[in-house]
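This report refers to the structure that appears directly beneath it.
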Amino acid sequence: MPKEQQMSVSVWRGGATGAFQSFDVKMEDNQTVLDVVAWIQQYADPTLSYRYACRVGMCGSCAMMVNGVPRWTCRTHVNKVLKDGHMEIGPLRNLPVIKDLATDMDPFFDKWIAAEGLHHPTQTRDDPIETIDPANAARVEINAGIECINCSVCYAACDTVAGNPDYLGPAALQRAWSVYNDSKDANKQAILDAVSGVGGCHNCHSQGSCAVHCPNDLNPMNAIAGLKRETARNFFKRRT
Amino acid sequence: MRHGHRTHTLWIAYLLHRISGVALALFLPAHFWVLSYALNAPQKLDGFLHWAETPIVKLAEFGLVFLLSVHMLGGLRLMALEFLPWTSGQKTAAASAVAASTFLAGIFLLRAI
Amino acid sequence: MQIERHDTDILILGTGGAGMFAALHAQQSAPAGTKITIAVKGLIGKCGCTRMVQGGYNVALGGGDTVERHFMDTIQGGKWLPNQDMAWKLCEQAVVRIRELENEIGCFFDRNPDGSLHQKAFAGQTADRTVHKGDLTGIEIINRLMEQVLSRPVEKLQEHRAIGLIPTKDGIALAGVLMIDMRTGKFRFVRAKTVLMGTGGGPTMYKYHTPSGDKTMDGLAMALRVGLPLRDMEMVQFHPTGLLAGDHTKMTGTVLEEGLRGAGGQLLNGAENRFMFDYDAKGERATRDVVSRGIFAEMRKSNTTENGGVYISMSHLGPDNVRAKFPGMVKRCADSGFDLAAGKVEVVPTAHYFMGGVVVDPDTRTALEGLYVAGEDAGGAHGSNRLGGNGVANSTVYGGVAGDVMGMDIRNMGALRDPDEAVLDAEIARALRPLQNKIAPIQPLRDKLQEAMWEDVGVMRTETGMERGLTRIADIQAELLEAGVAGDNLAFNLTWHDWLNLASLCEVSEVITKAGLARENSRGAHFREDFPESGSMESSYFTVARQTGDTLDVTREDVQFTIVKPGETILPEGEPVSLVEAAE
Amino acid sequence: MTLRLYMAQRITALVMAPLVLMHIAVMIYAIQGGLSSAEILGRTQGSILWFAFYGTFVVAVSIHAAIGLRTVLSEWAGLRGTALNAVAWAILALLLILGMQAVYGVTAT
Ligand SMILES: Cc1cc2nc3c(=O)[nH]c(=O)nc-3n(C[C@H](O)[C@H](O)[C@H](O)COP(=O)(O)OP(=O)(O)OC[C@H]3O[C@@H](n4cnc5c(N)ncnc54)[C@H](O)[C@@H]3O)c2cc1C
Ligand code: SF4
Ligand code: F3S
Ligand code: FES
């Protein structure tokens, strides 16, 4: 092994106001950004706050801004982000900061529900499980967005969210699109109404940052385009 | 580094579209104002058109046509993206929109000089 | 110390499969106007292990498979230790729960080309039974549950960590739960008529472990302190292939899926030789416990890789083939710098699931009136080993049962109960203890405990080892009691919570070790080198640990074969042993 | 931005697209040999067709730009609620008035 190498890491301290604080951290093989943050809390400054749970990219609670880019930190290798031995870690953008690197994700989830991003059942536990052709177009469309881990990375990447606090954001709208395509869903009109209001899908400018940064390679922009299409079609239908 | 999330084609296309839109919207009242002289004060319009012959204004006009075509093609690109269920090729569309507008505005400039 | 007091009717701890289903079912079964509160250590639905479920959900849905067959597999997998009534209810109700998940909650499970649910077989199953959504089944289940819970009028206490179950003065009933509001650092005492504990166990006191970081055995430690009996506490399930990437990364210990071995993945020792056939005729395809022990034995012989484990190698199957078949695993390894498809990846057995838990009846009731326990916190359904796919079935089935039962029981309960203020004060003092001590780093202690448990109470156990383990745990505990945390700002103070986490882990580690000593045979996940035989099935016993005052006692209780006796089956005569076609 | 504003913006955009192309084509043709007011007026004055052409253009562009600026003002200047709507209506009115004046100027006889 080469001789011990250090990196310098600037970490956000404080809430909505605060400042970056710099730490020297030893470089290791296979180190992730989350490992760096945890090391600082465990060995350098025990007062540092952050959030994680699964540590393998499943729970979506560890997202932060790394060098100005939103990322899941538990699956981001340090080598990928280190620039000249330095990196900067901040709390996820577009959400209120609780402390240091931990944000309040409630607005993100409130909007998820506001977008009607939940199943409206037509059947009960007493009914048999429906036969559904996995290759059918609606099902394929749903599958494209289903592996969302609600990490809010897309929400942080979107400048429309930044400029418009009402905007429901890419993840919530993508979920609404999945629900809309579900043949078993009872309330499709409610979904279209929910995504057509002041904060609805029509605010999206197809900036595409959501799709570029989603750690699971999902494409909320496409889902939102789907909602725009359906609402537009519906716009004329309801008028005639 | 602080805004690393923006460095990709689609975002740049968005910004171009917005800037061109705003610029057009700002130019529009002036354009209307000048044209409205046509009837009640044609000499003023002529004076203006004369002034418009100067190279610097020519260049500005080139810019304007460029903006208009950037905005239009960008807008058409956007609507295609929204209404035609595309999955890929958006970057290409963004790039070709800019290329086509340069071409269009280029013709305009060449004819003008 | 200022503490906030808060009242509700039904309180639920945790938002895994157990907590979420309890909330939804309580809402359906409780009388109108009942206040339901859900308190969780992390964010709703974003913590715990239900989200991490990969393989899927066991449920017998016909096609030859029956509830009886699922039940027999569960009993045999648990080596005759399960509480049979609980195992039966698990298998029977899973059928209802999976329909509820699809039809009411909105889950999308994978389909066969003909549109029916796709089911596959995990090791130890005699039918294709496991329903799944790719290899991210847990994300689908918990996201859908989360949406339903978030959209309902349930009071949400997020980042509220339960630290003590507070009984009434006479000690026969539960008055409420003491918590820390982690965001502010303030104490909050919540009274409730019924409380479901679904904090999900989680053997994270081992050097290598798979569960989510928020799981630190708080629930079982709280149950222990309030004097409840805990069963099967020696039963820690190890998964054979945890990623080994060095001590400094949290990626170490996370699961590399079982399917890799099933598909033909080879385990190689440090000298790059295959070794599993030295231990079992099935080689890499032997069951989890056997493979874990094979790797452990190899490690003990120091036939190890650079980081002290073994390799899993897939490349002989063709890198492109591997990439196509296991995209998630390949990407995950690549993110942390490993090439699973074309290279070799270091692996090590990793503590995965905790079979032990609070003694409950099949209605989730405990010995303490008002307290209900479901999911990984409850003992009994799995006995000495849990089948892959039975974990999430267990938490969702019994979470729902708890919700139904609480909704009914609450009708017969009068006013909220008053807590024993002395216990409340003692629990607060306990949590505040580190703030008075001299500041010391906590993580090295956690590392020490994890080393001790891994070495002395791990995959293979002996009496001397476990006795040594007990001393080591006691030393760590003593050191912890003197270790201090800066208390000037308690808001989101993770280091304080690290201290509390370690306190819970130490308490439960001691129980695991003592229960391990009490079981003088080898069953399922528990392997004693000094008692390698399984003992007679007919005279099977399970261990029960109970704390009274400062003493911890472990006793043995006979298993009641209420449905089927060892050597017998409830399958109709002439049924084939297995419906699964011989492994590919 | 609601569905109605969105539809209005998209429809006006689609209406304008051919008009803009036409306008640019005419300009490219017209600027050969320089522009004069007489030339412009000669082409347009008294023509119902040109009136309809530029009239449609003005209406569409006014709606389109008013909605567009509304969005930009809300996202980049933080304008919300009544203030935002008032400004948008004002922009619409301004553009319509100026635009119709211009159309009248070049097409009336
Ligand atoms: C990587 C992995 C893969 C798995 N794969 C499978 C599989 O394929 N099939 C299968 O059947 N099983 C699988 N399991 C097991 C399965 O995840 C568990 O059996 C099951 O999900 C447990 O559910 P639960 O509700 O009891 O606990 P969890 O889902 O773990 O939830 C516990 C909840 O309690 C909260 N909590 C903890 N402490 C406190 C406290 N002090 N105060 C308040 N809240 C607290 C946690 O934050 C969390 O919300 C897997 C487990 C892991 C780790
Ligand atoms: S769409 Fe992608 S980035 Fe957005 S929340 Fe889901 S997983 Fe995260
Ligand atoms: S980044 Fe935002 S603007 Fe639309 S395409 Fe994605 S939601
Ligand atoms: S910790 Fe769960 S996604 Fe990173």
Side-chain angles (χ1 to χ4, degrees), chain A residues 28-32 34-35 38-39 41-43 46-61 74-77 79 98-100 102 105 109 112-113 117-119 121 123-135 142-143 146-150 175 179 182 184-185, chain C residues 42-44 46-48 51-52 61 96-100 102-106 108 110-117 133-134 136 138-140 143-144 147-148 150-151 158 183 212-214 245-246 248-251 254-255 332 335-337 439 441-443 485-486 489 491-495 498:
Chain A
E28 309 267 10
D29 299 340
N30 318 325
Q31 201 174 16
T32 64
L34 178 63
D35 291 326
W39 186 90
Q41 178 252 329
Q42 286 164 354
Y43 296 101
T47 63
L48 180 65
S49 306
Y50 58 101
R51 183 187 290 124
Y52 82 99
C54 72
R55 78 199 198 272
V56 280
M58 296 184 104
C59 71
S61 26
C74 67
R75 292 259 311 254
T76 301
H77 200 290
N79 287 344
I98 297 177
K99 182 169 173 279
D100 302 340
M105 294 184 80
F109 287 104
W112 188 289
I113 301 304
L118 70 149
H119 184 60
Q123 292 163 332
T124 73
R125 62 197 80 164
D126 301 322
D127 298 313
I129 288 177
E130 201 171 298
T131 306
I132 295 172
D133 176 6
I142 296 169
N143 266 335
I146 208 153
E147 283 175 11
C148 173
I149 57 170
N150 30 69
R175 177 63 190 141
V179 180
D182 184 352
K184 292 184 298 181
D185 200 85
Chain C
L43 301 181
I44 290 179
K46 293 178 82 66
C47 47
R51 196 179 244 284
M52 298 173 76
L61 290 174
V96 183
R97 205 62 85 239
I98 205 79
R99 287 200 302 254
E100 188 177 352
E102 260 267 339
N103 295 348
E104 295 181 29
I105 309 297
F108 276 74
D110 282 357
R111 295 298 207 271
N112 292 310
D114 71 359
S116 59
L117 274 188
K133 171 75 210 154
L136 298 171
I139 294 178
E140 178 64 4
N143 275 350
R144 303 296 77 88
E147 294 160 3
Q148 297 295 329
L150 287 178
S151 71
Q158 299 194 89
R183 293 183 186 176
S212 179
D214 48 300
H248 53 267
T249 174
K250 290 184 189 297
M251 288 298 277
T254 57
V255 166
R332 190 189 282 185
D335 284 348
S336 44
I439 293 167
I442 305 300
Q443 187 59 28
V485 172
N489 184 2
F492 230 114
N493 188 326
L494 293 184
T495 308
D498 284 347

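Every value quoted in this text rests on a predicted model; they were computed, and no experiment measured them. A, B, ... follow the sequence lines: proteins, then strands. Residue 1 opens every chain. Worth knowing before you read on, the calculation uses all heavy atoms, side chains too, and leaves out hydrogens, waters and symmetry mates.
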Can you check whether [Y]'s main-chain N or O pairs, donor with acceptor, with [X]'s side chain at less than 3.5 Å?
| X | Y | result |
| --- | --- | --- |
| C/K46 | A/N150 | yes |
| A/T131 | C/G115 | no |
| C/N493 | A/T47 | no |

Shortest non-hydrogen separation from C/K133 to A/N143 and the atoms involved: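 So the two residues come closest at NZ-OD1, 2.7 Å.
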How far apart are the closest heavy atoms of C/K250 and A/D35, and which atoms are they?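 Result for this residue pair: N-OD1, 2.8 Å.
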Just so I understand: if I count every heavy-atom pair under 4.5 Å between each of A/Q41, A/M58, A/H77, A/R55 and chain C, which residue has the most?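 Looking at each option in turn, the highest pair count goes to A/R55.
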Report the option among [options] that has the most heavy-atom pairs separated by less than 4.5 Å from atoms of chain A.
| options | answer |
| --- | --- |
| C/E147, C/Q148, C/E102, C/M251 | C/E147 |
| C/L136, C/D498, C/L43, C/N112 | C/L43 |
| C/I439, C/I105, C/D114, C/V255 | C/I105 |

Can you check whether [X] reaches [Y] side chain to side chain, under 4.5 Å on heavy atoms?
| X | Y | value |
| --- | --- | --- |
| A/T76 | C/D335 | no |
| C/N103 | A/R125 | no |
| A/L118 | C/S151 | yes |
| C/F108 | A/D182 | yes |

Under 4.5 Å from any heavy atom of chain C - which part of A/Y50: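 A/Y50 touches chain C through backbone and side-chain heavy atoms alike.
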